[in-house]
Amino acid sequence: MNINNETPVFRFAPSPNGELHLGHAYSALLNYDMAQKIGGRFLLRIEDIDIERCNLEFEAQMLDDLAWLGIKWDDKPRRQSEHFDDYSAALDALEVEKLVYPAFMSRSERKREIARFKEGGGLWPRDPDGAPLYPDADRKRTPQERREMINVGKEFALRLDMNRALDDLKDDLFWHETGTGPEGETGLVKFNALQWGDVQLGRRDVPASYHLAVVIDDALQGITHVVRGRDLFHATSVHRLLQELLGFSPPVYHHHDLILAEDDRKLSKSARDMSLRSLRNCGATAADIRRMVGLTPA
Ligand code: GLU
């Protein structure tokens with residue numbers, strides 16, 4: 001679908017924190033095929049805001065694997081770690097609107113608070129990825145309390161005040177889905193950002209979280225079509241909300257099947273699932289990979 005009557009723009013956005021596996025190959029090839037089919041451009045984005053886990057060696061290996069698969073990308077890949085200023089500016093804008101607040105609780109403090117709550121027999125809410133929602137306490141602090149905590153050097157992250165952000169909206173938000181969600185959702189999908197609670201948007205050392213960076217980069221790169229795994233379907237609700245708050249128009253989304261391991265697990269870099277590099281070393285060809293992930297020959 002061509003939303004602006006301009007050339008469609010697709011992107012593949014790997015994180016260089018390990019080697020690409022068959023799941024990435026499927027996502028990249030499907031993306032590329034879809035772009036080719038409608039005469040779109042195809043961009044690469046290196047999602048390396050997690051500077052501790054990402055490195056240039058993995059990045060070089062990824063680019064080599066993608067080229068080997070037969071993928072040709074337009075322009076120089078955009079490396080997120082080179083654009084922290086863009087993310088900081090967006091965070092500043094949200095801060096002016098009082099939509100973000102400093103969140104001081106460390107992981108262990110959060111765990112303790114949640115454990116205490118559970119002892120009382122309560123069920124702590126979790127986000128769609130299964131992570132516990134961020135507790136309320138920091139959102140309720142007065143400006144003076146916040147200043148004092150910052151002045152004594154207490155570390156903090158920046159989180160979205162979800163209730164406030166939703167209160168400011170005039171209408172529900174929707175996105176156009178050409179793939180399917182976990183429950184078969186397709187077509188016009190209504191967002192549900194509330195289920196994510198006060199998502200983290202930035203840290204002190206890195207002024208961006210995945211959610212913030214992905215939304216800003218999709219807008220700055222002029223992406224019209226986001227093709228990615230179904231594991232990111234629910235995150236689209238947060239992305240749709242951030243687009244609205246930052247004044248960006250949404251791309252069309254296509255969430256695709258995940259390639260699973262033999263025991264039906266999601267493939268992962270950390271579980272050292274068969275990487276493209278090892279498949280190549282074992283003599284697999286790009287055509288073999290297309291066949292393995294169920295795509296027609298190039
Ligand atoms: N960097 C993300 C990943 O490697 C992809 C993000 C996206 O496509 O929105 O899973």
Side-chain angles (χ1 to χ4, degrees), residues 8-35 40 42-55 58-59 61-63 65-66 69 71 73 77-83 87 128-129 131 175-182 189 191 193 196 199-201 206 208-243 246 248 250-260 265-271 273 275-276 293:
V9 187
F10 290 68
R11 52 67 162 184
F12 180 61
S15 296
N17 54 10
E19 294 181 349
L20 295 182
H21 52 56
L22 278 180
H24 299 110
Y26 175 61
S27 196
L29 287 167
L30 178 68
N31 229 312
Y32 186 61
D33 288 358
M34 287 174 73
F42 182 80
L43 305 183
L44 275 188
R45 180 160 76 232
I46 307 298
E47 299 217 325
D48 62 347
I49 49 171
D50 188 348
I51 36 190
E52 271 151 37
R53 292 177 59 221
C54 294
N55 69 50
F58 284 136
E59 181 186 315
Q61 179 70 46
M62 281 179 170
L63 298 186
D65 285 340
L66 293 171
L69 283 171
I71 289 174
W73 52 92
R78 176 177 167 100
R79 206 184 271 136
Q80 290 188 322
S81 59
E82 292 169 356
H83 296 277
Y87 314 134
D129 286 345
W175 78 84
H176 193 84
E177 174 68 50
T178 60
T180 44
V189 177
F191 88 134
W196 287 94
V199 285
Q200 183 170 311
L201 295 186
V206 181
S209 65
Y210 158 66
H211 294 307
L212 185 71
V214 84
V215 161
I216 292 175
D217 287 339
D218 283 340
L220 295 185
Q221 290 190 292
I223 304 300
T224 58
H225 292 67
V226 169
V227 178
R228 61 186 182 191
R230 187 163 302 127
D231 51 338
L232 290 168
F233 178 84
H234 289 300
T236 310
S237 283
V238 176
H239 302 171
R240 190 62 200 87
L241 175 61
L242 290 174
Q243 284 153 0
L246 294 167
F248 300 141
V252 171
Y253 287 89
H254 184 97
H255 291 93
H256 60 69
D257 292 341
L258 298 178
I259 303 280
L260 299 177
R265 263 181 316 107
K266 202 176 124 184
L267 292 177
S268 93
K269 291 172 186 149
S270 50
D273 281 309
S275 67
L276 284 184
V293 299

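Just so it is clear, the values below take in all heavy atoms, side chains as well, and ignore hydrogens, waters and symmetry mates. Order of listing sets the numbers, starting from 1, for every ligand and every atom in it.
- Across all their heavy atoms, Ser209 and Gln200 have their closest contact at OG-O, 2.9 Å.
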Original post:
What's the verdict on ring-ring contact (aromatic ring centres under 6.0 Å, His included) for Phe42 and His225, showing C-alpha distance, side-chain angles and the deciding distance?
Top reply: CA-CA 10 Å; Phe42 182 80; His225 292 67; over 10 Å; no
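- Among residues two or more places apart in sequence or in another chain, the salt bridge (charged side-chain N to carboxylate O under 4.0 Å, His left out) test is passed with Arg45 by Glu47, Asp217, Asp218.
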Write none if no such pair exists; otherwise list each N/O atom of ligand 1 with its protein N/O partner under 3.5 Å and the distance.
{"unit_1": "ligand 1", "atom_1": "1 (N)", "unit_2": "Ala13", "atom_2": "O", "d": "2.7"}
{"unit_1": "ligand 1", "atom_1": "1 (N)", "unit_2": "Ser15", "atom_2": "OG", "d": "3.3"}
{"unit_1": "ligand 1", "atom_1": "1 (N)", "unit_2": "Glu47", "atom_2": "OE1", "d": "2.7"}
{"unit_1": "ligand 1", "atom_1": "8 (O)", "unit_2": "Arg11", "atom_2": "NH1", "d": "2.6"}
{"unit_1": "ligand 1", "atom_1": "9 (O)", "unit_2": "Arg11", "atom_2": "NH2", "d": "3.1"}
{"unit_1": "ligand 1", "atom_1": "9 (O)", "unit_2": "Tyr210", "atom_2": "OH", "d": "2.9"}
{"unit_1": "ligand 1", "atom_1": "9 (O)", "unit_2": "Arg228", "atom_2": "NH1", "d": "2.9"}

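- Scored by the side chain to side chain contact (heavy atoms under 4.5 Å, CB included) test, Leu258 finds Asp231, Leu260, Lys266 as partners (sequence neighbours excluded).
- Nearest heavy-atom pair, His211 versus Ala235, reported as atom, atom and distance to 0.1 Å: CE1-CB, 4.0 Å.
- With sequence neighbours excluded, no residue forms a ring pair (Phe, Tyr, Trp, His ring centres under 6.0 Å) with Tyr87.
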